[in-house]
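Below, chain A is the first sequence line, B the second, and so on; all start at residue 1.
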2 protein chains.
Amino acid sequence: MRLDRVDERIIAILGADARTSFAEIGGRVGLSPSAVKRRLDRLVESGAVRGFTVVVEPKAVGWTTEAFIELYCRARTSPSEIRQGLEGYAEVTSACTVTGDADAVVQVRARDTQHLEQVIERIGAEPFVVRTKSTLVLSRLVDRPVLAGASEVSGNG
Amino acid sequence: MRLDRVDERIIAILGADARTSFAEIGGRVGLSPSAVKRRLDRLVESGAVRGFTVVVEPKAVGWTTEAFIELYCRARTSPSEIRQGLEGYAEVTSACTVTGDADAVVQVRARDTQHLEQVIERIGAEPFVVRTKSTLVLSRLVDRPVLAGASEVSGNG
DNA sequence: TGTGAAAACTCGGGGTC
DNA sequence: GACCCCGAGTTTTCACA
């Protein structure tokens, strides 16, 4: 779907606070509340906006450990096979196939290093995994769940 | 802050859909709407819940390229120096210091490979950066912005 | 924590440009 | 095709018990 400037501004506003009311958004982008709603409905309908969620501070919820796990897979392992193998793990926050030595990079969050170790072992035991290489996150510097303001700067390229 | 089971369930429900009404949540966790609101207010107040946001499908917004950039920094570069250098980039979605060969891992999203190349060049030119090593994301397999259902399974470890 | 009432918001229909 | 206005129904909010 094609987004215009107003759509992008609506997304940027909701990215900062998804509970902003239609009236408030309308006031900022120069549209009536119902026009904003119609646009948002279309954005959700078309899949540009996948949904609405809370941003949790994992430390505050007791999940203090974070890591990247690089996966080296068996020859001819398909991406969908990897996805199916990983989506059952609640600890996996993100996974993707990549260029370079490894076949995939998995990001996990765990309560502590002991919990992380268990997760690495379990993932390493998946049938399509040959070996893993883990990198522990020391401290998080930047964390922008949504492209905060990305649409604002999308003209600079 | 200390979360009890009900708080965790409220977060899990909002993680799946942040627009779920207090009445709906209350019905599921066995609380009145106002009790749910009071708990959520406390969670936001305490910082356990950082905010509410939309989940955007970056492809649909025209950002089709994603990469990991490993940073090798000058000796004695502090994490806060890296953070300050990176937080100005709208393309940076996440950054953290890590164990292993590299000092930090930066995740970026760009419109296309050309745009990505520019970002890599600009980051590589930061004074604290000695060299970078980039890994392009081929296909995204799992993407859970919040620990979807993490609290539901937090007992198994 | 629950109750209840006032205020704010959402949502859909009808009409206009 | 996209917008605005407006009314009915729902949700949020807040004082009080």
**Student:** Round to the nearest Å and state the distance from A:Asp7 atom CG to D:dG1 atom P.
**Tutor:** 16 Å
**Student:** List, by chain and then residue number, the residues other than B:Leu136 in its hydrophobic cluster (Ile/Leu/Val/Met/Phe/Trp/Tyr, side-chain heavy atoms under 4.5 Å); write none if there are no others.
**Tutor:** A:Leu141, A:Val142, B:Ile69, B:Leu71, B:Ile82, B:Leu86, B:Tyr89, B:Val92, B:Val106, B:Val108, B:Leu116, B:Val119, B:Ile120, B:Ile123, B:Phe128, B:Val129
**Student:** Using links of under 4.5 Å between side-chain heavy atoms of ILVMFWY residues, direct or through other members, which residues join B:Val105 in one cluster?
**Tutor:**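 Besides B:Val105, the hydrophobic cluster comprises A:Phe68, A:Val98, A:Val105, A:Val137, B:Phe68, B:Val98, B:Val137, listed by chain and residue number.
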**Student:** Not counting sequence neighbours, which residues clear salt bridge (charged side-chain N to carboxylate O under 4.0 Å, His left out) with A:Asp41? List them please.
**Tutor:**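 Applying salt bridge (charged side-chain N to carboxylate O under 4.0 Å, His left out) to A:Asp41 gives A:Lys37.
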**Student:** Taking side chain to side chain donor-acceptor pair (under 3.5 Å) as the definition, give me every residue that meets it alongside A:Asp4, ordered by chain and number, with sequence neighbours left out.
**Tutor:**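 Once residues adjacent in sequence are excluded, the partners of A:Asp4 under the side chain to side chain donor-acceptor pair (under 3.5 Å) criterion are A:Arg39.
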**Student:** Using the side chain to side chain donor-acceptor pair (under 3.5 Å) criterion, which residues pair with B:Arg74? Sequence neighbours excluded.
**Tutor:**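 Once residues adjacent in sequence are excluded, B:Arg74 has no partner under the side chain to side chain donor-acceptor pair (under 3.5 Å) criterion.
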**Student:** Taking salt bridge (charged side-chain N to carboxylate O under 4.0 Å, His left out) as the test, write out the residues that go with B:Glu126, two or more places apart.
**Tutor:**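 Per chain and number, B:Glu126 pairs via salt bridge (charged side-chain N to carboxylate O under 4.0 Å, His left out) with no residue.
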**Student:** So if I take the C1' atoms of five pairs at each end of the helix from C:dT1-D:dA17 to C:dC17-D:dG1 and get each local axis, what angle do the two axes make, rounded to 10 degrees?
**Tutor:** 30°
**Student:** Is it the case that the side chains of A:Glu91 and A:Gln107 hold a donor-acceptor pair, with the cut-off being a distance below 3.5 Å and no angle test?
**Tutor:** no
**Student:** Atom CG of A:Leu31 and atom P of D:dC5: how far apart are they, to the nearest Å?
**Tutor:** 11 Å
**Student:** Tell me, for nucleotides 10-17 of chain D in 5' to 3' order, what letter each nucleotide earns: B for a base near a protein heavy atom under 4.0 Å, S for only sugar-phosphate near one, - for neither?
**Tutor:** -SSSB---
**Student:** Check side chain to side chain donor-acceptor pair (under 3.5 Å) between B:Asp17 and all other residues, then give those that pass, not counting sequence neighbours.
**Tutor:** none
**Student:** Give me the other members of the hydrophobic cluster that B:Tyr72 sits in, counting Ile, Leu, Val, Met, Phe, Trp and Tyr linked by side-chain heavy atoms under 4.5 Å, directly or via other members.
**Tutor:**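 Result for B:Tyr72 is none, singleton.
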**Student:** Name all residues meeting the side chain to side chain donor-acceptor pair (under 3.5 Å) criterion together with A:Glu24; count only those two or more places apart in sequence or in a different chain, and write none if there are none.
**Tutor:** A:Arg28
**Student:** 5' to 3' on DNA chain C, which nucleotides open and close the contacts with chain A (atom under 4.0 Å from a heavy atom)?
**Tutor:**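 Footprint of chain A along DNA chain C, 5' to 3': C:dC9 to C:dG12.
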